[in-house]
Structure formats: structure tokens, C-alpha cells
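Just so it is clear, the values below take in all heavy atoms, side chains as well, and ignore hydrogens, waters and symmetry mates. If you read the sequence from its start, that first residue is 1, and numbering goes on from there.
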Amino acid sequence: MSLLISDLELLRDVAERGSFSQAAAARGWSQPQVSQRIAQLESSLGTQLFQRHRRGAVATPACLLYLESVKRALSELSQGRQAIQGAAVLPEARVGCPPSLASLVFSPLVAALAEQPVELFCHTDHSPELMERVLAGRLKVAFVFNRPTITGIQLEMLARSPIVAMVAADHPLAQSGPLPLAAIADARISPQWWGQDAEALVRLLRQHRRAPLPLHTNQPATTACELALEHGFIVFMPAIAALRELSRGQLKVLELSDLPLWEWEVMMAYRAGKRPDAARELVLQAARAIGHGWRQALATHLPAA
């Protein structure tokens, strides 16, 4: 069987969508047509490309390895097609981050690269999924939280952000000095779900409550900010996720004398390949500058330790 460009495009689409039926729908094909074509491709290559299951298809290690060459080939063909059609050819960079960081990351990143020779495609997902996409080569750079080291991925720290209590600037406690948790435990409180430590905070607050009042956790960071600004809640969240509101003076950090030290570590994840990648380097340089701005802002708006 001779390999066609459409075979390579089909392989890429099935791997990215994780589904024969979705790849078929995108082409106006039937699912059996896609299954038959992939089976022929597997026979031609002499290896299994996907593990089939009821909810879709998962690319095998052999497929992921082959996919790197497939994507390079399709990219080269696309650039060649654009070149002969007289279109500008710009490399693309797919970047990702969790929803709670989207406004903090994507807006300044796009602005910083507005005049640079690269086109950004921005995606949101949870940190583990973003790491998998980086490892598979589907993202050039991902912004993630508190991730362990993974072979094949370079992790670079951009900022450490403590979990803090915040209130609106006009809240009665906004100008208070250091307080113990017990002093605020009966107030309207809603912690953002920043990770497993949020459960420990909820348990700690319940120990101090004198009445069986509800404690509502929330996501994403924009919800926490709205609860503080519009509904008078004390919110617990990573300070970095509210830098805009802190810099505008809309939110104030509430100093608590006995709040445990919990942190978000905001990291940048990318594959440190030996081949030069100009698009990735542009994104990394811009992200490092953004990270420097985060660190300065956190130092400015957080109480001195």
C-alpha cells in the first residue's frame, strides 16, 4: 500500500482526537472507512498504531514515535504549499495552561509576540494533560502547577505564589492587622480549589467554626474574585491568580497569623530537543519576561514575611 498525504493527515487527526468516529465526522466519512484505512496503514507499517476501546482510540508508543515524523512532514508540505501560493509562512506554536491562569498567561503572551514571526494557538487543560501533550509533541510550551520531573520534559520555575486570604477593598476586614483563623471562621468563606491542600484548609476552618455554616469551594480563579468583589466573601486562593485585582486595588490580602504555608509553583514545561526551534525560543523568552513581572508584582502586593 502506497502512503498518501491523506493517510498521514488521518493518522494525525485520530491521534489528536483520540477517536475514529470524530476523525470520520470531520471528513464526512463513515467510522468503518476510517477503521479500514487505519488498519491498512498498520498493515503497511507492520505495527499497531492504536489501542481501540469503547470510548475511542489511544495512540501506541510506536504511533507517537512515528507521529513526530508525520507532523514534520505535513508541516513541511504545508509550508511548501503556502510558499508557492505566495502566502506568508510563519511557524506556529501551540501553548497551553490551566483555566485559572488563562487570562494571566495568554493575554500578555500574545501581546509580547504580536510582532514576532510566530503564530500562537492557545489551549486550556489541567496540568497532567498539558504535560502529556508536551511529551507527545502536541504543545511546544505549557504552563503548569507543581509538577514532578518527567523524562523528556524540561521544567522551569516561573514563580512561587502563596495561598492567601483575600477580601474586597471595601470589606470591613480589609484594613485589619494580623488575625488568627478563629477570628474569621464564622464569616462568609469560599476557598478556591487549588489542589488537595484546599481540603486541609476546609477541615481547619471547620474546627474553628462555632456554627454549622456551609463552606463552599469554587473554581476557577475568576469565580473566587467575583465572590470577594461582588458578594462579600473571604476567599482563599493563589495570589498570582488575582494579580490584576490586587494591582488595581480591588482586592486586599487579609493577613492571618496562623495560616499554613501552601504554595502554587507555576512552571513552564517544554521538550528540550537538540534541534533548534525558533518558535519555541520566542515563546520561552516572552514567558520568562512575564514570569519576572509576576515575581515583582507578588513582592509588591504581598505582606512582607
What's the shortest heavy-atom distance between Leu256 and Phe236, and which atoms?
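Heavy-atom minimum between the residues: CD1-CE2, 3.7 Å.
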
Identify the two heavy atoms, one from Ala185 and one from His208, that lie closest to each other, and give their separation to 0.1 Å.
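For Ala185 versus His208, the nearest heavy atoms are CB-CB, 3.5 Å.
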
Between [Y] and [X], is there a side-chain heavy-atom distance shorter than 4.5 Å?
X: Val283; Y: Tyr270; answer: no
X: Pro99; Y: Asp125; answer: no
X: Val164; Y: Leu254; answer: no
X: Ile38; Y: Arg52; answer: yes
X: Ile189; Y: Arg209; answer: yes
X: Cys63; Y: Leu11; answer: yes
X: Leu64; Y: Thr60; answer: no

Return yes if some donor-acceptor pair links the side-chain N/O of [X] with the main-chain N/O of [Y] below 3.5 Å, else return no.
X: His53; Y: Gly56; answer: yes
X: Ser78; Y: Leu74; answer: no
X: Arg160; Y: Val266; answer: no
X: Ser107; Y: Ser103; answer: no
X: Glu263; Y: Pro162; answer: no
X: Ser127; Y: Phe145; answer: yes
X: His231; Y: Phe233; answer: no
X: Glu42; Y: Leu49; answer: yes
X: Asp258; Y: Leu181; answer: yes
X: Arg17; Y: Ala15; answer: no

Do [Y] and [X] meet the salt-bridge criterion of a basic N to acidic O distance under 4.0 Å?
X: Arg138; Y: Glu132; answer: no
X: Lys71; Y: Glu16; answer: yes
X: Glu68; Y: Arg12; answer: no
X: Arg271; Y: Asp277; answer: no

Reported CD1-to-OG distance for the pair Ile234 and Ser190, which is rounded to 0.5 angstrom:
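Reported to 0.5 Å precision, the distance equals 11.0 Å.
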
Could you grab the distance from atom CG of Leu10 to atom CG of Leu41, nearest 0.5 Å is fine?
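Result: 8.0 Å between the selected atoms.
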
What about [X] and [Y], same hydrophobic cluster or not, with Ile/Leu/Val/Met/Phe/Trp/Tyr joined at side-chain heavy-atom distances under 4.5 Å?
X: Leu259; Y: Ile240; answer: yes
X: Leu104; Y: Val144; answer: no
X: Leu213; Y: Leu205; answer: no
X: Trp193; Y: Trp262; answer: no
X: Leu155; Y: Val95; answer: no

Counting heavy atoms not belonging to His126, are there more than 12 under 6.0 Å from its NE2?
no

Is it the case that more than 12 heavy atoms not belonging to His292 sit under 6.0 Å from its NE2 atom?
no

Mind running side-chain hydrogen bond (donor to acceptor under 3.5 Å, both in side chains) on Gln31 and Ser35 for me, showing each step along the way?
CA-CA 6 Å; Gln31 192 270 346; Ser35 296; 3.0 Å; yes

Contacts satisfying salt bridge (Lys or Arg N to Asp or Glu O under 4.0 Å) that involve residues 184-208 (not counting sequence neighbours) are Asp186-Arg210

Between Gln40 and Ser43, is there a side-chain donor-acceptor contact under 3.5 Å, judged purely by atom types and distance?
no

